[in-house]
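To start, the structure under review is shown below, and the notes come after it.
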There are 2 protein chains.
Amino acid sequence: MEQNFQNILQQNQLKVTATRLSVLELIASRNAATSQPYLEKNINKEIDRVTLYRTLRTFEEKGILHKVIDLNGTANYAMCSDNCTAGHHHDEHFHFNCTQCHQLYCMNDFHFPPFQMPAGFKSQSINLLISGTCAQCNKMDN
Amino acid sequence: MEQNFQNILQQNQLKVTATRLSVLELIASRNAATSQPYLEKNINKEIDRVTLYRTLRTFEEKGILHKVIDLNGTANYAMCSDNCTAGHHHDEHFHFNCTQCHQLYCMNDFHFPPFQMPAGFKSQSINLLISGTCAQCNKMDN
DNA sequence: TTAAGTGCAAAATCTTTGCAAATGT
DNA sequence: ACATTTGCAAAGATTTTGCACTTAA
């Protein structure tokens, strides 16, 4: 995982601003995808809601973050792996949505087995969302 | 697929109303999951938007319809297979979202291969959304 | 008859747009 | 200096809530 946020921004022709660094920092610090509401509450800086929307959209367009829709239809964002580039994200996104703590984990190590598409259908990207209870929550309710 | 909508309603302790029958009819007539906006536009009856929201929620709670979130985070509804009952839906939902016509197809015949969850994580339901171009759209842009 | 369902009005969210002020390069 | 980014105000869209009227059983 690339941790030099300044570089990430510069490589994408984006100006380095405190807002953008804060957003990247917070998202990268979590092992789960992060929703707009969570960011809005937990960011260590006063950021206008509109700016946050725009920042996230920009990052997604540039391929810095990828967007995952969770079970409630809410957009969550996570750092893209390095092979994501602007306009062309990694094709397979696997996530785990905990029904108790609502954390959305990225399962990058998961590999999807080959399968056959129905005739005439062309697959561009695969989005797998498994829901259940995460290791943390299972530990707590012994 | 059960087509006697009256029976479906009665079996779920719901009153048989014209609104509910229209909603079920339209959703069942499509081979794709249907969004609230689509229903609102295409239903053959004046239905208040609020009533539509409530109807869909009721159907989902009773296990008559299941909800699928598409790539845009919009809720879409499709008839549940018979093994769905109130509060306990079928565990695996596989759908195909066409990026051109935005139709959301149910892939009931698709079977998910067995796999290993990371330690401590318990899977309750699996949601697979494949996006790409559907047979119809592929045919049209030769 | 009466509990459930519906429609209307209004509120609460969520997301986008336009524009002027501020900021990074 | 200048294009980009941000904040504010406001508009638009989506979804929910409360309450009185209507309707199926």
Side-chain angles (χ1 to χ4, degrees), chain A residues 4-27 33-62 64-65 67-77 86 102 104, chain B residues 4-27 33-62 64-65 67-77 86 102 104:
Chain A
N4 190 335
F5 302 128
Q6 291 215 180
N7 280 357
I8 296 180
L9 292 175
Q10 284 164 350
Q11 281 160 18
N12 286 281
Q13 297 86 48
L14 295 175
K15 291 189 175 168
V16 178
T17 68
T19 296
R20 287 176 172 163
L21 289 175
S22 291
V23 171
L24 283 182
E25 234 170 82
L26 181 49
I27 293 181
T34 306
S35 66
Q36 189 276 339
Y38 180 94
L39 283 165
E40 198 173 323
K41 282 181 207 124
N42 293 93
I43 201 129
N44 61 357
K45 180 177 181 307
E46 279 295 310
I47 298 185
D48 187 72
R49 175 176 301 190
V50 175
T51 302
L52 188 47
Y53 277 112
R54 286 194 273 228
T55 302
L56 291 172
R57 192 195 324 179
T58 302
F59 286 172
E60 200 213 347
E61 285 165 1
K62 292 289 188 178
I64 300 172
L65 299 180
K67 176 158 72 171
V68 198
I69 305 289
D70 69 15
L71 291 174
N72 304 312
T74 307
N76 292 62
Y77 296 87
H102 299 104
L104 188 58
Chain B
N4 190 333
F5 302 128
Q6 292 214 181
N7 280 357
I8 296 180
L9 292 175
Q10 285 164 350
Q11 282 161 17
N12 286 281
Q13 297 86 47
L14 296 174
K15 291 190 177 169
V16 178
T17 68
T19 296
R20 286 175 174 166
L21 290 175
S22 291
V23 171
L24 283 182
E25 234 170 82
L26 181 48
I27 292 181
T34 306
S35 66
Q36 190 277 338
Y38 181 94
L39 283 165
E40 199 174 322
K41 282 181 206 125
N42 294 93
I43 202 130
N44 61 357
K45 181 179 182 304
E46 279 295 310
I47 298 185
D48 188 76
R49 175 177 300 191
V50 176
T51 302
L52 187 49
Y53 277 112
R54 287 195 272 229
T55 302
L56 292 171
R57 192 194 325 178
T58 302
F59 286 171
E60 201 212 347
E61 284 165 1
K62 293 288 188 177
I64 299 171
L65 298 180
K67 177 159 71 171
V68 198
I69 306 289
D70 69 15
L71 290 174
N72 305 311
T74 307
N76 292 63
Y77 296 87
H102 299 104
L104 188 57

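Comparing B:Arg54 and B:Leu14 against DNA chain D, the residue whose closest nucleotide sits nearer the 5' end is B:Arg54. Taking for each of B:Thr17 and B:Ala75 the nucleotide of DNA chain D with the nearest heavy atom, the 5'-most of the two is the partner of B:Ala75.
Residue B:Thr58 is classed as having no contact, given no heavy-atom separation below 4.0 Å to the nucleic acid. Backbone-only contact: A:Val16 has heavy atoms under 4.0 Å from sugar-phosphate atoms and none from a base.
Between the CG atom of A:Asn72 and the P atom of C:dC14 there is a distance of 11 Å, given to the nearest Å. Rounded to whole angstrom, the span from the CG atom of B:Asn12 across to the P atom of D:dA25 amounts to 14 Å. Distance, A:Asp48 CG to C:dT16 C1': 12 Å, rounded to whole Å. Computed from coordinates, the B:Ile47 CD1 to D:dT23 C1' distance equals 15 Å when rounded to whole Å. Rounded to an integer number of Å, the gap from CD of A:Gln13 to P of C:dG24 is 19 Å.
Of the candidate nucleotides D:dT15, C:dA9, D:dT6, D:dT6 has the atom lying nearest to any side-chain atom of A:Arg20. Picking from D:dA9, D:dA25, D:dT17 the nucleotide with the shortest atom distance to the side chain of B:Val50 gives D:dT17.
Counting heavy atoms from C-beta outward, A:Leu9 and A:Leu24 have side chains that approach closer than 4.5 Å. Side-chain contact between A:Ile47 and A:Val23 is present, with heavy atoms from C-beta onward closer than 4.5 Å. Taking 4.5 Å as the limit, every side-chain heavy atom of B:Arg49 sits out of range of all side-chain heavy atoms of B:Leu52.
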Requested in this report: Could you give me the CA-CA distance, side-chain angles and deciding distance for B:Asn12 and B:Thr58, then say whether side-chain contact (heavy atoms from CB on, under 4.5 Å) is met?
Outcome: CA-CA 10 Å; B:Asn12 286 281; B:Thr58 302; over 6 Å; no

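Residue B:Thr51 places at least one side-chain N or O under 4.0 Å from the OP1 or OP2 atom of C:dG7. Taking only side-chain nitrogens and oxygens, A:Tyr53 never comes nearer than 4.0 Å to OP1 or OP2 of C:dT16. Using a 4.0 Å cut-off, no side-chain N or O of B:Arg49 falls inside it from OP1 or OP2 of C:dG7.
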